[in-house]
Amino acid sequence: MTDTPPPGHGDGKPDASHRMERLAAVRPRLLSFARMQLRDNAMAEDAVQEALMAAIEKDDSFAGRSGYETWVFGILKYKILDGLRAQKRQGRWQPLEAEPDDDTLDRLFQQSGHWHRHERPVSWGQPDAILESDHFWQVFDACMIALPDNVARVFSLRELMGLSTEDICREVGIKENNCWVILHRARLRLRTCLEKGWLKEE
Amino acid sequence: MNKCREATKLMSLKQDRSLTFQERVSLKLHLMMCHACRQCDKQFTLLHEVGSRFEADIEKSTETDHTR
């Protein structure tokens, strides 16, 4: 019995005792993902809890086509969507259409349309190295939190959940044009925040 | 003329839908001339990759825990 292969490794279906271990190991990352989307600690905890419960209950439907954690992550995405819809029903979403005092673009660009000197983007280095840096993810997390709720919601539906702008319009109830405007602002704000918070400190 | 402000709009848009021929050409011409916008374009692309990266890391993080 001592030479059994390492449990829970690879894409195979982990056995029952190691499933719990793996769920426990992945929980913090699921939680930080849910928190970025739902922007509410209690709701994020609930969504993760429900996803883990569903993973345990529906264990038989895990086909082993993707990795186990990826499968659980997929379940969490549905729970997050449920959570977002609940927030919408509860009237916790500020209207997205009206944001007349958004000065994101004016802060970054001169009247001529060129970047302000001190806002000009600089190189961040190799994308792979960036995405492997823990510090990058900490700053990303902080920059997401710093975004206004409604802007962050559209951005994360697009870039974290991978929904098309068409689907986002349906989900959020805005026109696609508006969606693109919001995403443009969100990306500019995020890149500015990331460059200031991350590059300068590293 | 295509200014940085307008160019960033196209850089953002191309992450969400395919650009028209005109949009593509106009963005390309601007990027050829503008170092700052080239950086911005790379950064928008990086932001577009965070989701799939997050997912890939979730799988990896627990695997390394178990092979330690």
Side-chain angles (χ1 to χ4, degrees), chain A residues 6-11 14 18 21-23 25-26 28-30 32-33 66-70 72-74 105 108-110 112-115 119-124 127 130-132 137 140 155-156 158-162 164-166 176 179-181 183-188 190-191 194-195, chain B:
Chain A
H9 176 61
D11 285 353
H18 293 105
E21 216 176 289
R22 285 176 71 161
L23 289 177
V26 79
R29 296 189 75 99
L30 296 180
S32 97
F33 187 82
S66 60
Y68 184 64
E69 283 79 8
T70 307
V72 178
F73 191 57
L105 293 168
L108 297 176
F109 299 101
Q110 305 170 34
S112 66
H114 294 290
W115 295 96
E119 298 289 357
R120 247 177 242 161
V122 298
S123 170
W124 289 2
I130 297 163
L131 291 171
E132 260 159 43
W137 288 101
F140 180 78
F155 178 83
S156 53
R158 175 75 194 105
E159 301 291 45
L160 299 179
M161 304 278 274
S164 68
T165 46
E166 202 187 338
E176 202 165 17
C179 199
W180 289 324
V181 171
L183 285 168
H184 179 219
R185 286 182 193 154
R187 289 180 175 121
L188 283 172
L190 269 179
R191 71 144 299 282
L194 284 165
E195 191 163 300
Chain B
M1 216 9 233
N2 190 355
K3 299 289 165 47
C4 304
R5 183 175 172 144
E6 290 307 307
T8 62
K9 247 183 229 174
L10 293 177
M11 291 174 213
S12 176
L13 205 51
K14 83 168 184 189
Q15 307 293 343
D16 305 317
R17 68 154 166 85
S18 16
L19 298 182
T20 65
F21 179 72
Q22 256 195 344
E23 288 169 337
R24 266 207 316 275
V25 171
S26 131
L27 177 60
K28 203 166 186 174
L29 283 175
H30 183 84
L31 289 180
M32 273 165 61
M33 300 182 306
C34 181
H35 177 78
C37 282
R38 281 202 296 279
Q39 302 310 317
C40 184
D41 187 45
K42 284 184 197 159
Q43 291 155 8
F44 280 6
T45 302
L46 183 91
L47 285 177
H48 187 63
E49 284 163 10
V50 293
S52 49
R53 186 57 180 233
F54 207 99
E55 194 155 341
D57 280 355
I58 276 186
E59 196 69 24
K60 232 171 38 193
S61 66
T62 48
E63 268 182 28
T64 43
D65 281 349
H66 282 273
T67 47
R68 253 202 302 252

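Order of the sequence lines sets the chain letters (A, B, ...), proteins ahead of strands, with each chain counted from 1. Only a predicted model underlies this, so the values are computations on that prediction, with no experimental measurement involved. Heavy atoms only: backbone and side chains are in, while hydrogens, waters and symmetry mates are out.
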>> Students often mix this up, so state it plainly: with edges at 30° and 60°, are the rings of F54(B) and F33(A) parallel, tilted or perpendicular?
In response: tilted
> In chain order, what residues pass the side-chain contact (heavy atoms from CB on, under 4.5 Å) check against H184(A), with sequence neighbours excluded?
Replying inline: L105(A), L188(A), T8(B), K9(B), S12(B)
> Got a sec, which residues hit side-chain contact (heavy atoms from CB on, under 4.5 Å) with S112(A), two or more places apart in sequence or on another chain?
Replying inline: Q110(A), H114(A)
Gap between atom [atom2] of [Y] and atom [atom1] of [X] - 0.5 Å precision:
X: I130(A); Y: L46(B); atom1: CD1; atom2: CG; value: 5.0 Å
X: L47(B); Y: F155(A); atom1: CG; atom2: CZ; value: 5.0 Å
X: K42(B); Y: W124(A); atom1: NZ; atom2: CH2; value: 12.0 Å
X: R120(A); Y: Q39(B); atom1: CZ; atom2: CD; value: 12.5 Å
X: L190(A); Y: Q43(B); atom1: CG; atom2: CD; value: 11.5 Å
X: W115(A); Y: C34(B); atom1: CH2; atom2: SG; value: 8.0 Å

>> Counting heavy-atom pairs closer than 4.5 Å to chain B, which one of E119(A), M161(A), E159(A) comes out on top?
In response: E159(A)
> With chain B, which of L108(A), V181(A), L160(A), L131(A) has the greatest number of heavy-atom pairs at distances under 4.5 Å?
Replying inline: L131(A)
> Between R187(A) and M11(B), does a side chain to side chain contact (heavy atoms under 4.5 Å, CB included) hold up when you go through it step by step?
Replying inline: CA-CA 10 Å; R187(A) 289 180 175 121; M11(B) 291 174 213; over 6 Å; no
Could you tell me which portion of [X] (side chain, backbone, both or neither) has an atom closer than 4.5 angstrom to a non-hydrogen atom of chain B?
X: T70(A); answer: both
X: E166(A); answer: neither
X: R158(A); answer: side chain

> E132(A) and R53(B): salt bridge (charged side-chain N to carboxylate O under 4.0 Å, His left out), yes or no, with the steps?
Replying inline: CA-CA 9 Å; E132(A) 260 159 43; R53(B) 186 57 180 233; 3.3 Å; yes
>> I'd like to know whether F109(A) forms a side chain to side chain contact (heavy atoms under 4.5 Å, CB included) with K3(B), so could you lay out the CA-CA distance, the side-chain angles of the two residues, the decisive distance to 0.1 Å, and finally the verdict.
In response: CA-CA 10 Å; F109(A) 299 101; K3(B) 299 289 165 47; over 6 Å; no
